[in-house]
Participant: 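I'd like to ask you about the structure that follows.
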Amino acid sequence: MTPRKLTIPAVLVVLAAACSPGTTPTTTTTTSTTITIPTTSTTAAESTSTVPPVTTTAPPTTMAPPPTDDPTAVGGLGAAGIGDEYFPELGNPGYDVSHYTLDLEFDPASGQLVGQATIEAVATDTLTSVNLDFARLDVERVGVDGSPAQFGEVREDLIVVPGAPIAAGEAFLVTVDYSGVPGAVTSTAIPLGVGWLDSGTGQHYVVAEPDAAHTWFPGNDHPLDKATFTFRLTVPDGVTAAANGALIDELDAGDRTTWVWEMDRPMATYLATVVIGDFTIVRDQAASADAGIPIRHVLPGSTTVADWPGLERQGEMVAFLSELFGPYPFDRYGIAIVDGFGAALENQTLSLFDTNLATSAFFEDVLIHEVAHQWYGDSVSPAAWRDIWLNEGFASYAEWLWLEREAGREELEAGIAAERALFASAGLPPPGDPPPWDLFNASVYRVGAMTLHALRLTVGDEAFFETLRRYAADFRDANASTEDFVGLAEEISGIELDDLFDAWLYDPEVPPFPAPG
Ligand code: TRP
Ligand code: ZN
């Protein structure tokens, strides 16, 4: 294979470097907790103006499918999923979770987790058993509505048998007591360690997209079943524990502290996170004033916003995207900066950034990318994992919109045309049909963003931005499919758009951009 140049998503730049030939994707570790802020970037090629980062490392072409058994071939209870063709065993039909309370005691020294998950749900079918996705940790006890219940484990399902069947429409409560040492797992869909990660520098945090949430708490692990969350995180005094949403209490628990965090809007399981270690919760007053919502970050050591150049623009970014996409969908935002997972991830109201990315030339691109996901991905979540371009294409287009604001429409057109040419000869799969073993390949991001640009050129700016806003508003706190988005774009523009979307999303050839309509 001849090496060639290919634009890769800035968000995955660190990952791509880690995947280049001759290296294995290990985490970056340092031996000191002192944070050094490099003044120059040490990552791949840098972009200074219009064209996004181009790297000369091996392109992130799709990887060979891993040799695994077909999980659907197993049959029986363990194979029952919610019907996602990319993850046949994930999620469960038959009930709808409304709230998770995760009571977690964590000892950073030993890595030991002792947890109790309380799951409030409503049956949508008559249930003789409740199947929860759960893997890796040991289950000690299960209760249903306060009474002990029988349980068994089949593959990655925890099957709970209530004393009597639960009728359709009935609310019920499951409690699961569990313990063990959570850790990294290999996703079937992305070549990164995901799950409950240990940085090796004293930090512990969760990155779970797409399929690792059930390695740290039991639940209905598919974005179709969103729920609100309470986190009660007990850690030794002097250690900070953060999670999605609002910090509502810090309770004294002897020589430990219980940090209580509340996510009061529905959240997909893969966006739930915790961040534990030597961190400071920093409120940025100036950014909050710009954004019109509180901006709070979880920063390593005693660093401040000023130590992370670019971060001071976060509030401006929220304000800019609110103009284009409609009101910011949650009541606060911020990022956590952690060592060593090789990328960034849009956890709801608290995106995670690898330290290396936060000190790279791409930091601003990725800041706008992850905050854009709060609208597209987090508030509006994909109905099926095949539709992941609805997350990544939209967030990548936000990077182009930020460039347009900074440098003008001409720069946008030149940059996106140059990038289209690179992808036209890259031979990646089309964005609407990613391989299940490489769900986050570069086409999903970059050709996904080009698909939106082609729509914009076809329907004009007014109908285009109206479509983006209506999409965020109509599917807020819910799920959408490609069909939902196309339907809305057709309704608003009055133009038949099937051919356009078919060509951009499903044709292996990257189409030419249409002439502005
Ligand atoms: N959604 C991430 C982004 O912003 C990419 C991603 C998916 C990821 N799964 C991940 C990053 C797991 C780190 C770990 O583009
Ligand atoms: Zn993304």
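Both counts, for ligands and for their atoms, begin at 1 and track the order of listing.
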Participant: Side chain, backbone, both or neither: which applies to V194 and ligand 1 if a contact is any heavy-atom pair less than 4.0 Å apart?
Facilitator: side chain
Participant: Tell me whether E346 has at least one N, O or S atom under 2.8 Å from the Zn ion (ligand 2).
Facilitator: no
Participant: Side chain, backbone, both or neither: which part of A344 has a heavy atom under 4.0 Å from ligand 1?
Facilitator: backbone
Participant: Looking at Q112, I want to see if its CD is surrounded by more than 12 non-hydrogen atoms of other residues, nucleotides or ligands under 6.0 Å.
Facilitator: yes
Participant: Do N479 and S381 get their side chains close enough for a donor-acceptor pair, meaning under 3.5 Å?
Facilitator: no
Participant: Give the minimum heavy-atom separation between F363 and L311, together with the two atoms involved.
Facilitator: CE2-N, 3.8 Å
Participant: Only heavy atoms of E370, strictly under 4.0 Å: list the atoms of ligand 1 that pass.
Facilitator: 3 (C), 4 (O)
Participant: Within a distance under 4.0 Å of any heavy atom of H369, pick out the atoms of ligand 1 and give their elements.
Facilitator: 3 (C), 4 (O), 15 (O)
Participant: With heavy atoms of E346 as the reference, note each atom of ligand 1 found under 4.0 Å away.
Facilitator: 1 (N), 2 (C), 3 (C), 4 (O)
Participant: Do W389 and S443 have side-chain N/O donor and acceptor atoms under 3.5 Å apart?
Facilitator: no
Participant: Would you call the rings of F485 and F394 parallel, tilted or perpendicular, taking 30° and 60° as the class edges?
Facilitator: perpendicular
Participant: Can you sort out which atoms of ligand 1 are near F341, meaning under 4.0 Å from one of its heavy atoms?
Facilitator: 13 (C)
Participant: For ligand 1, which atoms, with element, lie under 4.0 Å from some heavy atom of L345?
Facilitator: 1 (N), 2 (C), 6 (C), 8 (C)
Participant: Considering only heavy atoms, which of F353, Y445, Y270 lies nearest to atom 3 (C) of ligand 1?
Facilitator: Y445
Participant: Between D461 and R456, is there a salt bridge with N-O shorter than 4.0 Å?
Facilitator: yes
Participant: Indicate whether any N or O donor in one side chain lies under 3.5 Å from an N or O acceptor in the other, for T230 and E262.
Facilitator: yes
